[in-house]
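Just so we're clear, the structure is a prediction, and the values are computed from it rather than from any experiment. Ligands are counted one by one from 1 in listed order, and the atoms in each one are counted from 1 as well. Note that these values count all heavy atoms, side chains included, but never hydrogens, waters or copies made by symmetry.
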Amino acid sequence: MRRRLVAGNWKMHGSRASIQALLGSILAGLGDAGGAECAVCVPYPYLQLVAERLKGTRIAWGAQNVSEHAQGAYTGEVSAAMLAELGCKYALVGHSERRQLYGETDAQVAAKFAAAHGAGLTPILCVGETLAERDAGRTDEVVARQLDAVLAKCGKEAVAKSVVAYEPVWAIGTGRTASPGQAQAVHAFARKRLAPATRILYGGSVKPDNAAAIFAMADVDGGLIGGASLAAEDFLAILRGAGSAG
Ligand code: PEP
């Protein structure tokens, strides 16, 4: 049985004050939020704050990116060892915004995955097709290529100890969600390439009103939540959806 995970991606949002308030509200409502695992991936400057606030709670924390390099002259980058030292459990790797806006390649994403895994972090590997790729019938090919780059470098066992997030680019921040059936089809396809125990999250405009139906799909093991994770009530409702499904 794969344990469900709901991870928030706060992207480049927040301030010390707003993050304190958001964490306070999430922690206050957590008792009724079901049994799914929970994590938040926050901007680097807030990791220390989040680590202090969440220590000893059931919410894990992580970063939204990580360098592929261990150390050296890479101005502005943050290594996996630095994140591990801060108590991060997770690091997002290959989020579509990183791939699209910062030109991260499959090879670079695989190197980031290897660095995170090697430092004892749990990478959350994001994969997914653009709308043009879906319309051209290339969804499976793109997801396979993105997964295979990491599988070839790190192997199935490393990926099984990590988390994969299927995030169709056309559904991220657009309000347009993949239907439960569309999500399940890609998750089932991805699972064939992965060890059976690998957790595969769905991400892309998950909201309280669609979460339970998506999480009810056999190969969906939870969610990566962007916009809705910035509102405590919505995030808690999605967590409840993960707890009640399956
Ligand atoms: C994301 O940023 O990974 C994401 C899924 O965003 P949203 O939920 O806002 O679509």
- Gly226 to Lys11 - nearest heavy-atom pair and separation: CA-CE, 4.2 Å

- Task: Decide whether the shortest distance between a heavy atom of Lys207 and an atom of ligand 1 is less than 4.0 Å.
- Result: no

- Of the protein's non-hydrogen atoms, which lies at the shortest distance from atom 1 (C) of ligand 1, and what is that distance? His95 NE2, 3.3 Å

- Message: If the contact criterion is a heavy-atom separation under 4.0 Å, does Gly173 count as touching ligand 1?
- Response: yes

- Task: Could you find the nearest protein heavy atom to atom 9 (O) of ligand 1 and give me its residue, atom name and distance?
- Result: Gly227 N, 2.8 Å

- Any link between Leu224 and Val150 through a network of hydrophobic side chains (Ile, Leu, Val, Met, Phe, Trp, Tyr) touching at under 4.5 Å? no

- Message: For Asn9, which part has a heavy atom under 4.0 Å from ligand 1: side chain, backbone, both, or neither?
- Response: side chain

- Query: Of all heavy-atom pairs between Ala188 and Asp219, which one has the smallest distance, and what is that distance?
  - Reply: CB-OD2, 3.7 Å

- Under 4.0 Å between heavy atoms, the region of Ala171 that gets near ligand 1 turns out to be backbone

- Can you check whether Glu167 has an N/O within less than 3.5 Å of an N/O in ligand 1? yes

- Note on the structure: Near Gly204 (heavy-atom distance under 4.0 Å), the atoms of ligand 1 are 5 (C), 10 (O)

- Query: Of the non-hydrogen atoms in Trp61 and Leu86, which two are nearest, and what is the gap between them?
  - Reply: NE1-O, 3.5 Å

- Considering only heavy atoms of Leu224, which atoms of ligand 1 have at least one such atom less than 4.0 Å away? 3 (O), 5 (C)

- Task: Ignoring hydrogens and angles, state whether a donor on the side chain of Trp170 or Glu129 is under 3.5 Å from an acceptor on the partner side chain.
- Result: yes

- Item | Gln182 and Tyr166 side chains, donor-acceptor separation under 3.5 Å | no

- Message: Looking only at side-chain N and O atoms, does Asp106 offer a donor or acceptor that is under 3.5 Å from a partner on Gln146?
- Response: no

- Query: Who's the nearest protein heavy-atom neighbour of atom 8 (O) of ligand 1, and how far?
  - Reply: Gly226 N, 2.8 Å

